[in-house]
Amino acid sequence: MSEDPLVTAQREEDSARQAADRKADTDNLQTMQSSFYQLAAGSLERTKFAAELVQKSSAAIGTVYTGILALVYSTSGVPLPMRGVIAPIFLGIALVLSTAYLAYVAPPNEPPVTVPDESMAPVPKSYARLNTFIIYTSNMAQRRAWMMRASVMALGVGVVGISLPFLHATTTGPQAEPQTASAVPWPTPMTNMSDAHSVILYKAQVDEVLNIRAKAAAEQPPTDTLSSFIFPLLAGLLIVSLGAALPAVTRRDGP
């Protein structure tokens with residue numbers, strides 16, 4: 001007895017719909033997992049780009065900063081305060097740490113690749129492979145991550161420290177003039193001599209006072225103190241150490 005054509009058509013339609021659903025689900029799973037693979041592999045490139053950004057930024061800022069210091073303090077005649085080296089110190093730390101993150105060779109610490117159980121269904125097996133790949137690349141990206149975090153903190157401290165020598169120069173530069181001027185008063189012109197001799201004598205006295213003032217100003221102790229260098233240096237090192245020690249914040253969805 002032959003089957004009713006309507007039943008046959010309905011069964012074929014259902015079979016075709018189920019096949020189309022399975023194909024769509026398989027294609028979607030393949031696209032999603034391909035995106036996850038690309039995202040996980042891209043984490044290595046992103047960390048490399050971040051380290052290169054810190055490396056190039058610290059080198060460029062240090063070069064510009066050194067040129068500005070040479071221009072300002074060579075023309076003003078004021079010695080560079082000790083706080084002026086805070087920024088180059090931390091910019092150098094950022095450069096060294098970011099370079100070490102990229103170039104330092106160390107034994108690999110990635111976990112061994114686990115092979116999924118062959119008895120698993122295709123979908124769970126594909127997810128198991130994906131999880132293994134994500135864990136492997138994540139461990140590679142986070143290897144020596146403390147160097148990267150510390151270099152970012154050092155770069156920030158170096159940028160903030162750029163302003164220190166200029167603030168110091170504006171607050172300590174003019175303080176020596178009133179003390180020197182009051183210690184050596186200007187000479188008074190003499191009235192009991194002829195005009196020609198009085199001018200010559202007064203000019204000689206003025207030159208002598210100028211030399212005394214210049215010598216006194218050169219012999220004055222520097223107003224920059226060791227504490228103005230030690231405290232910012234220790235504060236910056238503390239910030240860099242905290243950045244290296246504190247782990248990255250992991251985002252968690254749900255309770």
- Pairs meeting criterion salt bridge (Lys or Arg N to Asp or Glu O under 4.0 Å) with involvement of residues 19-33, two or more places apart: Lys23-Asp27

- Smallest separation among heavy atoms of Ser57 and Leu155, with atom names: CB-CD2, 4.2 Å

- Query: So if you build clusters from Ile, Leu, Val, Met, Phe, Trp, Tyr with side-chain heavy-atom gaps below 4.5 Å, do Met147 and Leu95 land together?
  - Reply: no

- Message: Test question: given the 4.5 Å side-chain rule for I, L, V, M, F, W and Y, name all other residues clustered with Val160, or answer none.
- Response: none

- Closest non-hydrogen atom pair, Pro124 against Ala121: CD-O, 3.3 Å

- Query: Side-chain contact, heavy-atom cut-off 4.5 Å: Ile61 with Ile162?
  - Reply: yes

- Are Val72 and Val159 connected in the hydrophobic side-chain network, where two residues link if heavy atoms are under 4.5 Å apart? yes

- side chain to side chain contact (heavy atoms under 4.5 Å, CB included) with Val157: which residues, sequence neighbours excluded? Phe90, Ile239

- Query: In Å and rounded to the nearest 0.5 Å, what is the CG to CE distance from Leu164 to Met82?
  - Reply: 13.0 Å

- Taking only residues two or more places apart in sequence, or in another chain, which ones meet Ser227 in a side chain to side chain contact (heavy atoms under 4.5 Å, CB included)? Thr225, Phe231

- Item | Spacing of OG belonging to Ser98 relative to NZ belonging to Lys56, to within rounding of 0.5 Å | 11.0 Å

- Message: Taking side chain to side chain contact (heavy atoms under 4.5 Å, CB included) as the definition, give me every residue that meets it alongside Leu102, ordered by chain and number, with sequence neighbours left out.
- Response: Lys48, Ala51, Glu52, Gln55

- Members sharing Leu39's hydrophobic cluster (side chains within less than 4.5 Å): none

- Query: About how many Å separate CG of Leu29 and OH of Tyr127, when rounded to the nearest 0.5 Å?
  - Reply: 5.0 Å

- Give the minimum heavy-atom separation between Ala100 and Arg144, together with the two atoms involved. O-NE, 3.8 Å

- Nearest-0.5 Å distance that lies between atom CD in Gln33 and atom CG in Asn28: 10.0 Å

- Query: Which residues pass the side-chain hydrogen bond (donor to acceptor under 3.5 Å, both in side chains) test with Thr66, sequence neighbours left out?
  - Reply: none

- Task: Return yes if some donor-acceptor pair links the side-chain N/O of Ser34 with the main-chain N/O of Gln30 below 3.5 Å, else return no.
- Result: no

- Task: Could you pull out all residues at least two apart from Phe133 that satisfy side chain to side chain contact (heavy atoms under 4.5 Å, CB included)?
- Result: Tyr37, Ala40, Ala41, Thr137

- Message: Going by salt bridge (charged side-chain N to carboxylate O under 4.0 Å, His left out), name the residues that satisfy it together with Glu13, two or more places apart in sequence or in a different chain.
- Response: Arg17

- Message: I need the minimum non-hydrogen distance between Ala59 and Thr63, along with the two atoms involved.
- Response: O-OG1, 2.9 Å

- Query: What heavy-atom pair brings Leu80 and Gly84 nearest, and what distance separates the two atoms?
  - Reply: CD1-CA, 4.1 Å

- In Å, rounded to the nearest 0.5 Å, how long is the span from OG of Ser58 to CG of Leu53? 9.5 Å

- Task: To the nearest 0.5 angstrom, please state how far the CZ atom of Arg143 sits from the OG1 atom of Thr47.
- Result: 9.5 Å

- Message: For Gln142, give me all partners under side-chain hydrogen bond (donor to acceptor under 3.5 Å, both in side chains), at least two apart in sequence or on another chain.
- Response: Ser138

- Would Val240 end up clustered with Val85 when hydrophobic side chains under 4.5 Å apart are linked, directly or stepwise? yes

- Got Arg149 and Leu246 here, is their nearest side-chain heavy-atom distance under 4.5 Å? no

- Task: Of all the heavy-atom pairs spanning Met148 and Val54, show the shortest one and how long it is.
- Result: CE-CG2, 3.9 Å

- Message: Test of understanding: clusters of I, L, V, M, F, W, Y form through side-chain heavy atoms closer than 4.5 Å, transitively. Do Trp146 and Val96 belong to the same one?
- Response: no

- Query: Do any pairs count as a ring pair (Phe, Tyr, Trp, His ring centres under 6.0 Å) and have a residue in residues 49-70, sequence neighbours left out, and if so which ones?
  - Reply: none

